[in-house]
Structure formats: structure tokens, C-alpha cells
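For reference, the structure is listed below as C-alpha cells.
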Amino acid sequence: QECYLAARRKLLQAPDLAPCLRMNIADVVQSAAEYVVQVLLRPSQTDVGEAWFHLVRLVWATWCCYWQRSPWRGTNLGGWLLLEPGPSYQLWESQGLSHGEESWECNGNEDDWDGEQAQEGDEEEDEENEEGEEDGQDEEDAENHEGEQERVQGDEGDEGDEQQRGAEAPEEAVEDEHGVCLHLGTKSAAVLEQHRKERQLRKEDFAWLKQRGFNAVRVPLGYWIVTGPTHGDLFVGPALHHVDQLVESASKHGFQVVLDLHGNPGGESSATPCGHKDNSWREDRWRRGEALQVLTVLAKRYCKEDCVAGIQVANEPDQTCNMHALCDWYERAIEVIRRAGMDAGRVAIILPVYWYDRLEEFVCVWLSRGNFLCFENVVLDLHLYQCFGSGWELLEHQDHLHAVERHGRILASLPGSIVGEWSLARPAHVLATDRMECEFADEQLKAYACASHGWFFWTYSDQIDHWDLGTCFERGWLRPGPADTGPWRAQDPQEGTTALRPRARAPGSFPQCYGPKEFTRLPQPPQQLDAAALASLRERAARLAEATGQTDDEAAKVLANCHGNCEAALAQLLMKAAAKRLAEACACSLDDAEEALQACKGNESRAACHLLDSSARARDNHRGQKRGFDAAQRE
């Protein structure tokens, strides 16, 4: 111990090393020694939580010896190089497209849950928009697009779907970039090129962001932007000249850039953010080998650009993906990116754990392989939205603040992480005042400062207030603060300069502290009520039951689970009533009807179409299996 302390004093007094480097090297030695003691010298007495803490400190102190970039305080450029209805709403409006799915209306009145109302509003806006398109595309693309359009138009004639279609026909809805290209046909190349030019960040955009404390942008892009579409995909690309221009501008204005392969070849899930919403998607459709080639092209092209500080290998892998197979691919992705010239001292590699209820599973697999020590400057991406999923509908304003605080403790206990996407959106029953919105925003900024590499707001431009960065500032929910001096950064009280947040112990028993309960721990309904409270509950439940056609007992149960919040209870009861109607009309189970409604965010018409399509596919699969069985019998 005396030798160790003497060596530490000598190190800290070394004149040829910067003060921060001396401290980081000392932290490396100390945390490594403590980790060795925990894991190797007394394995029978190992405290796994304490060992994890020392491992986290060791990894972080090692990175800090060479990673000198400021944490990212950024915004996503959603809807630019990968189209989505909300962030790309200008294109949807200019082309008269209907996205067929209500935008996520949040923090509004209690009726916002109803997808049909939001849909009607969207349709009225669409009717007012003018269509203005330019022609231009080569003959091969024209044949592909026209062939797909003929197939869809043929499907529209199907008599069995006629009653469900109406004004919100799924065939007419455009929910992703694939649908846009299919709808526009030969005009898609010209229209998308114009859209990409118009949405390119200008000098004024960078100045606006810098004034409000931002220092980075995250660029979601589809693989077709890099290599062009493959395997018959209906996309328009390549278009890396737009990325080149952004990187040049970002470098000129002192911004860092994170490149995000948002849409992998074949898609990493069935959802819209991949570029093609496909409910029949399976994991084996994700062309991971091709994705490695795309990442190699990106890494080689931008490895010498100093402002490119991060590259993300995927955006939101489906929660059904096999974790071991996913980690195998992550390892290969890290290797190809480093071989292509993006070294750990300049570029962080970002691995998505989008479904944060799988963080515990990922940590256990990654730790068992020794990868936290094996790979340098590799961080995890979490998307900490508090609006998707029924669990968030049970939370009131204060509960949301407590959940955010827990998220901050988790981020502080990971060796490396970013919050790649977050917003101010919450379920509609949270009727927040401007003061409450400010509290929610401030609490998130405070918590996400614990992410080692920073955060990115979703998104720079969106149709809905709580997702639109400009509107959040205009309404005063987010307040400007320079990234280098403002409240978004931790201050070093001794040196008076900004400093990275230290790593902390896991907030609970390791590794269970990273499980879903830690992220979505919900308040329990009251166990007992006094006579007055019980009478009040029954009275309100009776009114809710009368309004929704449910039984008094069912209404009372839902109201209790919502902690007496009538707005939240009303939304749930209406959803249950809609599920019963769907179950009867579509001859399906109540669980299937509720799942379809949740997937369609309350829109009964779309949910009915979804259920009927699923039923038709199931019948076709059954007939196919029966034909195969009969053929086998005959043979």
C-alpha cells in the first residue's frame, strides 16, 4: 500500500502530463486494482454489484485518457434522409399524402386518444394542400414503381376489404419512405431530391442551434443513401453528397456529427423508422452482412473528418431479435468500422439497446464475453420516451418526473451511453401546464447529463409540438443555455471549467437494476380506501360506466388503477369498449383486438383492417399447410 501511494503521488506530480490525464491514469490504476481484488483474488466473496462499479470506473477512466470531446448536446435531423410522416410532414402535405395513422397527439385534452378524430383532422389538412411534383427518373426505376402500383391497385379491388376501407384505406395510406416512392412512382427521384435539398441545414440553422446550447447533430439515414437500393427495394439513392455537405457545414460551424444507420438493409424491425413498415418482418430478413458493407463505406468516407464523432450501427432493433446473435453482429460491426479507419480516440461506436427493458439482458451477455474491456469507446444508445406503451398511461406528472430521475441514475452507472432520442411527449391524460412542461424538460436535461457521451432531442422539425424542437423553445418548455457554460453541463468547482459526470454505482441489485421494472416502475393502486374515498370512487366509477357502457365494477377497477384520474380511466374504458366491438366484428379474441388497437393508437378502422388482414393471412397459411400436407400424403 505504501508503494502504491508513493507511486500515485509521483504520478499526480508529474510535470509532463496534463492535470486531467494524471487524474485519469490514477483512476485507471485504482479501479483496475479494486476490480482485480473483487473478481480474481477473492472470487468466493465477490460482490457482483461492487465489481461492476469498479469495472465501469475502469472502462470510463480509460476512455477519458484519450476521449476529449465535449458530451453531445444535440438534435436529430429526423425526416431528412429517411422519411417519416411526422418529421417529414411538409413532404406529405405538398404531395397530398395521407399517412393513415394519427400523429402522436400528447399532453392535450382527453379526446386526443381517439385516432379517428386525429385522422379526420389530418384528412382536412391534406385536402387543402396543393400537389406540386417534378418528373424525372430512369426507365428501370419507372418499371419497378409502376409494377408495384399496379399490384396495389389490383389489391384495392378485393371485394372482401371494401367495407373496411372507406376513407382510411390502408392501400391509400403512406406511412414510410417505401410507400412514398411507391406512391410517387417515376416522380419519386425528383421529389425526394428536392426535399433533401430543402431540409439541408443552413448557416442560420447552425447559428440558431448554437445560441441555444447545442453542439451536435445526429443524422438518421437509410442504407440506400450510402449504396443505393438493393434487392428490389423501392428507395431513391445513393445520395451521400447531402451527407458530405452537412459534414462540411458542421465542421465550419463547430458542430459534431453522429451518423446513424437508421434503416438497415432488410430492416432491423417491422416499424416505420426502418423505411418500410412490414408487419410480416422476421429477423432473418435483416441483411446484416450487407449492413457491414454499408458501415464500411461510411467509415472509410468520413474517417478523416474531425467533426464526425460517432457512428451508430442500427437504430431500433426489434425486441424479438435474439440477443446473442445481435451481440455477434455488434462485434463484427465494431471490427469493420475500426479497420476502416475510425479509431477509438476520435469516433465512438454506438450500439442500440432501444428496448430498454432488454438492457439487463444485453449487459449480461456483453459482460460474459468480456466486451466491456475488449472494445474501446463503444457506448449504448437508449431511447427514453415516456409516451409509448400502456404503462405510461398510469403515470401522472410527478410520476413521470420520478421515472426520469431513475433513468438518470441508470445512465450514470453505465460505462458509456447516450440518449439517442427523447422528447417532451407524454400520454394525452397528462394535462400539463407550461410550468409542468418546463419541469419535465429540466428533469430530463438533468438526468440525461449523466449519459457519458450525451443526448439528442427528437427532432429538429416535426408536425407535433412536443416533438418539434423549435416549438419547445417558442413555448418556453426548453430554455436556451450555452453548451459550454450553461446548466446542461456539470461544472468542475476547482477549475471552473466543464467536466464529464463521474460514474456511479448501480441503482439497486446488479444486474436486475437494469431490468424493465427499474425503468417503468409504476405506482401501485391503493390497497384500502376509507369510507368517504370509497364512496367518491364508486360515484365517479358509476358516471364513467354510464358514459362508456362498461359495468360499474370494471369502471371502478380501472379508476383505482389510474389513481382516481378520470381522464386516464376514461381513455382506458373507451379503449376496452372499442376492443369488445372489434372482437365481435372481426371474430377474434379480446386480447388480439386490444393489441391491434394499441398498435393503431386507438384508430378502430385501422385496427379492424389490421385484424382482417391478419385473419386472411392466417387462413392462407392454413390452406397452404393443408395443401402441403395433402400433397405429402398423396406422395
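The first residue in the sequence is number 1, and the count goes up from there. We use all heavy atoms of the structure for the numbers below, so side chains are in, but hydrogens, waters and symmetry mates are not.
- Tyr302 and Asp244 form a side-chain donor-acceptor contact under 3.5 Å, judged by distance and modelled atom types alone.
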What do the steps show when you test Arg288 against Leu292 for side-chain contact (heavy atoms from CB on, under 4.5 Å), and what is the final call?
-> CA-CA 6 Å; Arg288 289 174 174 161; Leu292 296 179; 5.8 Å; no

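- Applying the side chain to side chain contact (heavy atoms under 4.5 Å, CB included) test between Val258 and each of Ile311, Val219, Asp381, Ile350 identifies Ile350 as the sole match.
- When all heavy atoms of Ala309 and Gln256 are compared, the pair lying nearest together is CB-OE1, 3.3 Å.
- Looking only at side-chain heavy atoms (C-beta outward), Phe255 and Ser249 stay at 4.5 Å or farther from each other.
- Among Arg475, Arg426, Arg479, the one residue that satisfies the salt bridge (charged side-chain N to carboxylate O under 4.0 Å, His left out) test with Glu437 is Arg426.
- To the nearest 0.5 Å, atom CG of residue Leu326 and atom CG of residue Asn322 are 8.5 Å apart.
- The only option from Gln312, Arg338, Met342 that meets the side chain to side chain contact (heavy atoms under 4.5 Å, CB included) definition with Ile349 turns out to be Arg338.
- With hydrogens and angles ignored, the 3.5 Å screen pairs no side-chain donor or acceptor of Ser251 with any backbone N or O of Glu248.
- Scanning both residues, Arg196 and Leu81, for their nearest heavy atoms gives CG-CD2, 3.9 Å.
- Checked by atom type and distance alone, the side chain of Asp343 never pairs as donor or acceptor with a backbone atom of Cys303 at under 3.5 Å.
- Proximity of Leu261 to Asn315: side-chain heavy atoms (C-beta onward) are nowhere separated by under 4.5 Å.
- Side-chain contact, Glu290 with Thr230: a donor N or O sits under 3.5 Å from an acceptor N or O.
- Ring pair Trp72/Trp67 is perpendicular by interplanar angle, where above 60° counts as perpendicular and below 30° as parallel.
- Here the closest heavy-atom approach between residue Val236 and residue Cys181 is recorded as CG2-SG, 4.1 Å.
- Considering CD of Glu84 and SG of Cys274, their distance stands at 9.5 Å, rounded to 0.5 Å.
- Asp465 contributes atom CG, which lies 11.5 Å from atom OG of Ser423 (distance to the nearest 0.5 angstrom).
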Given side-chain contact (heavy atoms from CB on, under 4.5 Å), test Val217 with Leu201 step by step and report yes or no.
-> CA-CA 10 Å; Val217 290; Leu201 287 191; 4.0 Å; yes

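- Considering only heavy atoms from C-beta on, Trp224 stays 4.5 Å or farther from Pro238 through its side chain.
- Residues Pro427 and Trp392 meet the side-chain proximity criterion, which asks for heavy atoms closer than 4.5 Å.
- Rounding to the nearest 0.5 Å places CG of Leu91 at 6.5 Å from CG of Leu97.
- Shown here for Ala333 and Val313, the closest heavy-atom pair between the two residues is CB-CG1, 3.8 Å.
- Rounding to the nearest 0.5 angstrom, the gap separating the CG atom in Leu424 from the SG atom in Cys472 is 4.0 Å.
- At a threshold of 4.5 Å between non-hydrogen side-chain atoms, the residues Ser461 and Arg199 count as touching.
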Go through the steps to decide whether Asp318 and Glu283 satisfy the test side-chain contact (heavy atoms from CB on, under 4.5 Å), and finish with yes or no.
-> CA-CA 8 Å; Asp318 194 87; Glu283 186 177 2; over 6 Å; no

Go through the steps to decide whether Trp422 and His383 satisfy the test ring-ring contact (aromatic ring centres under 6.0 Å, His included), and finish with yes or no.
-> CA-CA 6 Å; Trp422 65 279; His383 295 178; over 10 Å; no

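- Here the two rings, on Phe473 and Trp208, have centers that are under 6.0 Å apart.
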Pair Leu221-Leu82, side-chain contact (heavy atoms from CB on, under 4.5 Å): steps then yes or no | CA-CA 5 Å; Leu221 52 88; Leu82 195 154; 5.7 Å; no

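- Here the side chain of Lys304 pairs no donor or acceptor atom with the backbone of Gly341 at under 3.5 angstrom.
- Judged purely by distance below 3.5 Å, without hydrogens or angles, the side chains of His453 and Asn377 pair a donor atom with an acceptor atom.
- Looking at Arg218 and Asn76, their side chains do bring a donor and an acceptor atom within 3.5 Å of each other.
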Taking it one step at a time, do Lys277 and Glu177 satisfy salt bridge (charged side-chain N to carboxylate O under 4.0 Å, His left out)?
-> CA-CA 9 Å; Lys277 184 177 181 180; Glu177 184 157 343; over 6 Å; no

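- No side-chain donor from either of Gln90 and His195 sits under 3.5 Å from a side-chain acceptor of the other.
- Proximity of Glu204 to Leu209: side-chain heavy atoms (C-beta onward) are nowhere separated by under 4.5 Å.
- Arg287 forms a cation-pi arrangement with Tyr223, by the criterion of a distance under 6.0 Å to the ring centre and an angle within 45° of the ring axis.
- Between Arg346 and Glu305 there is no salt bridge, since none of the side-chain N atoms of the basic residue sits less than 4.0 Å from a carboxylate O of the acidic one.
- Using a 4.5 Å heavy-atom cutoff, the side chains of Val191 and Val180 are not in contact.
- Between Asp462 and Tyr89 the shortest heavy-atom distance is C-CE2, 3.6 Å.
- Judged by a 6.0 Å distance limit and a 45° cone about the ring axis, Arg285 is not positioned over the six-membered ring of Trp281.
- For Trp455 and Tyr448, the gap between ring centers reaches or exceeds 6.0 Å.
- Using a 4.5 Å heavy-atom cutoff, the side chains of Ile418 and Ser452 are not in contact.
- Asn264 and Trp286 form a side-chain donor-acceptor contact under 3.5 Å, judged by distance and modelled atom types alone.
- Tyr385 has its ring centre less than 6.0 Å from the ring centre of Trp467.
- Nearest heavy-atom pair, His276 versus Phe235, reported as atom, atom and distance to 0.1 Å: CB-CZ, 4.4 Å.
- Between the side chains of Tyr460 and Asp205, at least one donor N or O lies within less than 3.5 Å of an accepting N or O.
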Step-by-step side-chain hydrogen bond (donor to acceptor under 3.5 Å, both in side chains) determination, Asp233 to His231 = CA-CA 6 Å; Asp233 289 342; His231 289 71; over 6 Å; no

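- The aromatic ring centres of Trp477 and His466 sit less than 6.0 Å apart.
- Remark: the backbone N or O of Leu83 is not paired with any side-chain donor or acceptor of Ser88 at under 3.5 angstrom.
- Note that the CG atom of Leu192 and the CD atom of Gln95 stand 9.0 Å from one another [nearest 0.5 Å].
- The main-chain N or O of Pro317 is never found under 3.5 Å from a side-chain atom of Ser269 such that the two would form a donor-acceptor pair.
- Checking side-chain atoms of Trp92 against main-chain N and O of Val174 turns up a donor-acceptor pair under 3.5 Å.
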